[in-house]
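Since the structure comes first, as structure tokens, the remarks are kept for the end.
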Amino acid sequence: MKKLCPVALALVLSLLNLCGPVYGEAIMTLVPRLTLAEEYTDNVDLDRSDQREEWTTVVSPSLDFSALWKTRSLRLSYSPGFAYAAKDQNYSEIRQDLSARFSDQVSKRLRLSVSETLQRTELPYTLEEPVFRRPGTLTEPTAEQSQTGFSRDQGQEGIVERRRDRTVRRNREPYTQSTTSVSADYRFGAKDRFTASYLFGGLWNDDPDVEDNRRHSPRLAVTWWPWDRYGVDAQVQYERIDYSGKTDFTNDYQGHARLLRAFSEHLQGFVGYRHTVSDAAHNEDDYQVFEPFLGVDWEPSKDFFAGLSVGYFYKENKTGSNDSGLTFSGDLGKSWRFRRGSIRLSGGTGYEQSYGGAENLGFTVYYQAMIAGNYALSRRIDAFAGFSAVRNEYLDEDPQRNDNIYSATTGLRYRMLRWLYLNMTYAHQRLDSNVNENDYKENRVVISVNLVPEYGLRFK
């Protein structure tokens with residue numbers, strides 16, 4: 001944590017310095033918040049046989065600050081959480097959650113963005129409420145979402161997010177994650193854009209048995225429509241991760257190109273090719289992946305979207321036998337504004353590198369499916385529920401390790417007063433693995449009260 005605080009502080013001061021010349025022209029808003037929560041788990045160590053329950057009380061004061069200029073915006077949020085474990089004081093911790101984002105529309109065509117996120121927690125995994133926006137949507141959370149504790153799924157130009165880490169973190173030793181990103185987005189046509197970005201991330205663990213890491217990832221991407229109905233997009237990305245333990249380093253290079261065909265304003269098809277090269281510290285682990293693919297995207301309205309992609313990958317290993325398989329992804333979302341509900345279905349299969357998380361397990365083939373829904377029971381009460389199933393096959397492990405993870409979440413949000421919210425969430429997660437000691441199941445309940453002023457303090 002000590003390593004990261006100067007980085008976060010330096011970024012915040014840099015953002016404020018960038019805003020300095022026009023400080024007096026800004027419209028600024030300050031929103032204090034307070035969350036009181038009680039968390040219960042029936043398996044605090046995620047242990048297969050020795051299941052122990054724990055109650056944790058969390059007091060979390062928060063402060064959100066935003067500044068808006070004619071062409072610039074700044075958002076800062078800081079939420080410490082004082083967690084007090086009732087049965088075992090070793091599980092008590094001071095959690096940290098910091099985010100900062102600055103955006104500057106330098107010209108009509110050029111936009112620059114800088115962001116930082118930092119989180120410190122002892123929780124082996126975090127509860128995630130269903131997201132009903134399509135991935136990559138560049139929208140800010142609504143006031144109600146911020147007040148009721150929705151995940152802040154803000155898009156960032158030029159930043160490619162990884163799939164959620166599903167490797168196993170066994171204990172409640174604290175760890176810190178930090179991500180700093182810089183991106184430039186240049187639009188040279190109505191639908192044409194060029195993006196350059198750089199991401200630096202880190203994971204620092206208090207547990208000496210878990211490897212720390214630092215991640216560097218530059219990326220270039222372009223989308224160009226030279227004709228009304230035909231376009232192309234391409235991307236190249238490099239990622240290097242350095243580790244503190246037995247894993248020395250990994251270098252990954254990935255690029256893809258797609259030919260786009262607009263059949264109508266709302267329907268688009270594509271055919272493309274993706275190539276991946278992995279260069280590890282030990283040459284015998286090197287490989288490259290060849291993947292042709294095709295698909296369609298359909299978005300007839302703001303209330304409905306659908307996407308489908310199918311491909312085939314061939315993994316050529318430097319040593320050992322090669323691997324191959326189908327890649328598939330589908331995503332479907334529908335909301336009923338007047339009926340006060342939304343539903344989303346998604347699923348697919350693909351491959352990735354399982355590096356940089358709680359465990360470093362190498363090349364992974366995954367299968368996943370998810371269904372989620374929400375509904376406004378009344379003007380004051382919202383309900384949500386979701387279920388997901390994920391299978392991860394870690395091909396680099398000997399013997400091969402296969403994990404099946406099943407997660408179910410449901411909850412209610414009750415707006416008691418204009419400034420007072422009550423949230424209740426129940427979550428169940430189970431992991432079944434062919435490595436028996438990895439198996440676990442956990443039931444978790446969180447009840448929280450959020451105090452949020454209806455209007456923030458606004459000043460110029």
Side-chain angles (χ1 to χ4, degrees), residues 31-44 46 51-62 64 77 79-87 91-93 95 97 119 121-133 141-153 164 172 335-336 339-344 370-388 405-430 440-454:
V31 181
R33 295 180 288 121
L34 178 64
T35 300
L36 307 174
E38 189 69 24
E39 302 174 353
Y40 168 79
T41 173
D42 66 352
N43 190 0
V44 67
L46 302 185
Q51 298 184 17
R52 297 187 298 127
E53 63 179 16
E54 184 60 87
W55 296 83
T56 304
T57 301
V58 183
V59 179
S60 180
S62 306
D64 294 341
S77 179
S79 302
F82 303 92
Y84 304 94
K87 293 192 172 185
Y91 295 137
S92 297
E93 180 59 34
R95 302 171 184 173
D97 196 342
Q119 184 182 55
T121 183
E122 83 289 359
L123 296 174
Y125 64 91
T126 56
L127 298 181
E128 294 186 346
E129 293 185 9
V131 176
F132 296 94
R133 291 194 303 274
T142 66
E144 182 181 0
Q145 287 172 334
S146 297
Q147 292 166 345
T148 55
F150 267 122
S151 174
R152 299 188 178 188
D153 185 35
R164 182 184 178 188
R172 293 266 176 147
S335 63
W336 292 267
R339 296 183 182 179
R340 305 175 299 182
S342 300
I343 190 170
R344 182 176 177 185
M370 182 273 285
I371 181 171
N374 67 1
Y375 189 75
L377 301 176
S378 69
R379 289 177 54 194
R380 294 178 177 269
I381 302 177
D382 295 324
F384 66 89
F387 173 80
S388 67
I405 305 130
Y406 307 95
S407 302
T409 306
T410 185
L412 291 172
R413 292 180 292 269
Y414 174 41
R415 183 174 181 177
M416 303 168 66
L417 299 170
R418 291 185 176 182
W419 51 271
L420 186 62
Y421 295 82
L422 175 65
N423 305 293
M424 293 176 288
T425 302
Y426 166 76
H428 173 82
Q429 182 157 298
R430 187 175 88 242
Y440 72 83
K441 62 180 179 179
E442 182 194 21
N443 295 289
R444 193 187 298 183
V445 178
V446 180
I447 300 176
S448 65
V449 176
N450 300 86
L451 290 79
V452 184
E454 187 176 7

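Keep in mind that the numbers below use all heavy atoms, side chains included, and drop hydrogens, waters and symmetry copies. All values derive from a computational prediction rather than experimental measurement.
- Here the side chain of Ser92 pairs a donor or acceptor atom with the backbone of Ala85 at under 3.5 angstrom.
- With rounding to the nearest 0.5 angstrom, the NZ atom of Lys441 is 13.5 Å from the CD atom of Gln429.
- Taking 4.0 Å as the cut-off between side-chain N and carboxylate O, Glu53 and Lys87 count as a salt-bridged pair.
- The nearest pair of heavy atoms linking Trp419 to Pro453 is CB-CA, 4.2 Å.
- Using a 4.0 Å cut-off between a side-chain N of Lys or Arg and a carboxylate O of Asp or Glu, Glu39 and Arg95 qualify as a salt bridge.
- Heavy-atom minimum distance, Ser79 versus Ser62: OG-OG, 2.9 Å.
- At distances below 3.5 Å, at least one donor-acceptor pair connects side-chain atoms of Glu54 with backbone N or O atoms of Ala86.
- Between the side chain of Arg33 and the backbone N or O of Asp64, no donor-acceptor pair lies under 3.5 Å.
- Note on ring orientation: taking the six-membered ring where Trp is involved, the planes of Tyr40 and Trp55 are tilted (angle from 30° to 60°).
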side-chain contact (heavy atoms from CB on, under 4.5 Å) between Arg172 and Leu123: does it pass, once the steps are laid out?
-> CA-CA 6 Å; Arg172 293 266 176 147; Leu123 296 174; 3.3 Å; yes
Can you list the steps and then say if Asp382 with Asn374 is a side-chain hydrogen bond (donor to acceptor under 3.5 Å, both in side chains)?
-> CA-CA 7 Å; Asp382 295 324; Asn374 67 1; over 6 Å; no
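- Here the side chain of Asn43 pairs no donor or acceptor atom with the backbone of Gln51 at under 3.5 angstrom.
- Distance alone, capped at 3.5 Å, places no donor-acceptor pair between the Asn443 side chain and the Asp42 backbone.
- Here the straight-line distance linking atom CD1 of Ile405 with atom OG of Ser388 works out to 8.5 Å at 0.5 Å rounding.
- Val58 is not listed as a side-chain neighbour of Leu36, based on a closest heavy-atom distance of 4.5 Å or more.
- Separation of atoms CG (Leu412) and CG (Leu377) is listed at 6.5 Å; rounding is to 0.5 Å.
- In this structure, the separation between OH on Tyr414 and CZ on Arg380 is 6.0 Å, given to the nearest 0.5 Å.
- With Ser342 contributing its side chain and Gly373 its backbone, the two residues share no donor-acceptor pair below 3.5 Å.
- The shortest side-chain heavy-atom distance between Ile447 and Leu422 falls under the 4.5 Å cut-off.
- For the atom pair Leu420 CG and Leu34 CG, the distance stands at 10.5 Å (nearest 0.5 Å).
- For the atom pair CG of Leu451 and CE of Met416, the computed distance is 9.5 Å after rounding to the nearest 0.5 Å.
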Candidate pair Glu442 and Leu46, rule side-chain contact (heavy atoms from CB on, under 4.5 Å), full reasoning | CA-CA 7 Å; Glu442 182 194 21; Leu46 302 185; 3.6 Å; yes
side-chain contact (heavy atoms from CB on, under 4.5 Å) between Thr409 and Thr425, intermediate numbers included | CA-CA 7 Å; Thr409 306; Thr425 302; 3.8 Å; yes
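- Taking the side chain as every heavy atom from C-beta outward, Pro61 and Phe82 approach each other to under 4.5 Å.
- Closest non-hydrogen pair, Ala83 versus Glu122, comes out as CB-OE2, 4.3 Å.
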